[in-house]
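Here's the structure we're looking at; comments come further down.
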Amino acid sequence: MKKILAPDALEQLFTEARSYHDWTDQDVTEDDLKTIYELFKWGSTSVNSMPARFLNIRSNEAKEKLYPALMETNRRQVKRAPATIIVAYDEKFYERLDELWPAFDVKPYFTSNLQMSHETAFRNSSLQGAYLMLAARALGFDVGPLSGFDNALVDELFFKGTSLKSNFICMIGHGKPEGLYPRGPRLDYETSVKTA
């Protein structure tokens with residue numbers, strides 16, 4: 001039987017974790033981001049497809065490039081964040097399936113069904129983005145996911161001429177508790193869950 005994580009670990013990952021909007025000056029290094037990746041890459045995806053691709057926005061130049069695609073209220077957050085990750089997905093993720101899923105040839109399932117291919121890429125890159133957030137929290141960082149941006153403009157600015165499309169954005173750093181909104185309520189089990 002697997003061991004249950006200690007209560008303080010569960011608090012850090014879930015019950016006491018918050019989405020931050022402002023950040024301390026403490027840096028998040030490239031080595032930190034690699035350590036986070038090396039942990040969350042083990043999260044499950046359909047046929048081990050790993051369709052997500054991640055663009056680390058750390059330089060002032062890259063931030064300036066990103067600002068026009070962000071809602072006004074999100075620009076300051078990104079400006080202050082030591083690391084901002086564009087979580088994207090590769091529309092041609094299936095090109096790596098010979099390597100990632102050697103058990104049998106699943107590539108034709110995706111090349112012959114573009115809708116299934118898109119849904120798989122989007123769904124599983126969303127999962128990988130969630131794994132990123134949990135791994136960052138597990139390693140002592142705070143996160144702030146963003147969806148208030150123009151996906152088409154992000155794709156034009158950063159992924160033009162490639163098979164990559166943006167999914168969502170996530171800031172990583174050490175959050176400032178000042179300015180956090182009061183903790184929002186959550187739906188109870190009976191409202192959210194039905195058993196068939």
Side-chain angles (χ1 to χ4, degrees), residues 19 21 23 28-101 106-136 141 143-173:
S19 293
H21 309 285
W23 309 91
V28 175
T29 68
E30 200 69 28
D31 284 343
D32 291 331
L33 295 172
K34 183 175 181 183
T35 300
I36 292 168
Y37 178 80
E38 292 298 332
L39 178 58
F40 82 78
K41 72 180 183 182
W42 298 106
S44 299
T45 56
S46 177
V47 292
N48 199 37
S49 54
M50 297 187 72
R53 302 293 182 265
F54 305 88
L55 180 60
N56 299 334
I57 304 291
R58 299 183 66 235
S59 70
N60 288 331
E61 180 183 12
K63 288 181 180 184
E64 290 283 348
K65 186 176 177 182
L66 178 60
Y67 292 154
L70 300 174
M71 288 176 57
E72 183 69 35
T73 54
N74 290 335
R75 290 178 191 165
R76 182 181 179 277
Q77 298 181 54
V78 168
K79 183 175 184 178
R80 292 276 297 147
T84 297
I85 316 299
I86 300 175
V87 180
Y89 57 92
D90 188 348
E91 291 186 309
K92 296 184 178 179
F93 70 91
Y94 45 76
E95 298 290 354
R96 304 297 298 263
L97 286 178
D98 289 347
E99 169 192 355
L100 294 172
W101 189 258
V106 294
K107 182 178 174 181
Y109 293 127
F110 301 105
T111 56
S112 65
N113 188 333
L114 294 181
Q115 181 177 347
M116 184 174 79
S117 181
H118 170 77
E119 290 172 354
T120 299
F122 184 76
R123 180 182 302 116
N124 287 276
S125 67
S126 300
L127 280 174
Q128 289 184 273
Y131 299 146
L132 160 71
M133 293 168 59
L134 289 174
F141 298 95
V143 299
L146 291 179
S147 58
F149 67 96
D150 183 335
N151 287 81
L153 185 52
V154 167
D155 296 346
E156 175 72 17
L157 292 170
F158 292 97
F159 304 131
K160 186 175 182 178
T162 75
S163 57
L164 302 187
K165 300 291 183 187
S166 57
N167 186 335
F168 71 98
I169 291 173
C170 186
M171 300 168 291
I172 297 178

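Please read all numbers here as calculations on a predicted model, not as lab measurements. We number each residue from 1, following the sequence as shown.
The CG atom of L100 lies 14.5 Å from the OH atom of Y94; values are rounded to the nearest 0.5 Å. Atom OG1 in T84 sits 8.0 Å away from atom CH2 in W23 (nearest 0.5 Å). Here M50 contributes atom CE and D90 contributes atom CG; the two are 12.0 Å apart, rounded to the nearest 0.5 Å. Rounded to the nearest 0.5 Å, atoms CD1 (I85) and CG (L132) are 6.5 Å apart. Summarising the geometry, atom OG1 belonging to T120 is positioned 4.5 Å from atom CZ belonging to F110; distances are rounded to the nearest 0.5 Å.
Figure legend: K79 and Y67 shown without cation-pi pairing, the cationic atom not lying both under 6.0 angstrom from the six-membered ring centre and within 45 degrees of its axis.
No more than 12 heavy atoms of other residues, nucleotides or ligands lie within 6.0 Å of CD in Q115, so this atom counts as exposed by the packing criterion. Other residues, nucleotides and ligands contribute only 12 or fewer heavy atoms inside 6.0 Å of the CZ atom of R96. Other residues, nucleotides and ligands contribute more than 12 heavy atoms inside 6.0 Å of the NZ atom of K63. For K41, the NZ atom sits in a packed shell: over 12 heavy atoms of surrounding residues, nucleotides or ligands are nearer than 6.0 Å. Counting heavy-atom neighbours within 6.0 Å of E99 CD, excluding the residue itself, gives a total above 12.
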Full working for side chain to side chain donor-acceptor pair (under 3.5 Å) between T29 and D32: CA-CA 5 Å; T29 68; D32 291 331; 3.2 Å; yes
Stepwise side chain to side chain contact (heavy atoms under 4.5 Å, CB included) check, F93 with S163: CA-CA 9 Å; F93 70 91; S163 57; over 6 Å; no
Intermediate values then yes/no, side chain to side chain contact (heavy atoms under 4.5 Å, CB included), T162 and R53: CA-CA 12 Å; T162 75; R53 302 293 182 265; over 6 Å; no
Side chain to side chain contact (heavy atoms under 4.5 Å, CB included) assessment of V154 paired with F149: CA-CA 8 Å; V154 167; F149 67 96; 3.5 Å; yes
Verdict with supporting geometry, Y109 and V47, side chain to side chain contact (heavy atoms under 4.5 Å, CB included): CA-CA 11 Å; Y109 293 127; V47 292; over 6 Å; no
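In this structure a side-chain-to-backbone donor-acceptor pair under 3.5 Å is present from K65 to L157. Side-chain atoms of T35 come within 3.5 Å of backbone N or O of D31 as a donor-acceptor pair. The closest donor-acceptor contact from the side chain of N48 to the backbone of W101 lies at 3.5 Å or more, if one exists at all. Between the Y89 side chain and the S126 main chain, no donor and acceptor come within less than 3.5 Å of each other. Of the possible donor and acceptor atoms, none in the side chain of N124 sits under 3.5 Å from a partner among the backbone N and O of P51. A distance-only check finds no donor-acceptor pair linking the side chain of S49 to the backbone of T45 [under 3.5 Å]. The main-chain N or O of D155 is never found under 3.5 Å from a side-chain atom of S166 such that the two would form a donor-acceptor pair.
Between L146 and F168, the shortest heavy-atom distance links the atoms O-CB, 3.6 Å. Counting all heavy atoms, side chain and backbone alike, S125 lies closest to V87 at O-CG1, 3.9 Å. Minimum heavy-atom separation, L33 to R58: CD1-CD, 3.6 Å. The minimum heavy-atom distance between L39 and A135, with the atom names listed, is CD2-CB, 3.8 Å. Shortest non-hydrogen contact noted between A136 and V143 is CB-CG1, 3.7 Å. Heavy atoms only, all atoms of each residue included: C170 and M133 are closest at SG-CG, 3.7 Å.
Within the structure, the salt bridge (Lys or Arg N to Asp or Glu O under 4.0 Å) test picks out the following pairs touching residues 160-170 (sequence neighbours left out): E156-K160.
Counting heavy atoms from C-beta on, the side chains of R80 and M171 never come closer than 4.5 Å.
Across I57, L164, N56, a single residue satisfies side chain to side chain contact (heavy atoms under 4.5 Å, CB included) together with I86, and that is I57.
Y37 and F40 have perpendicular rings, their planes meeting at more than 60° on a 0 to 90° scale where under 30° would count as parallel.
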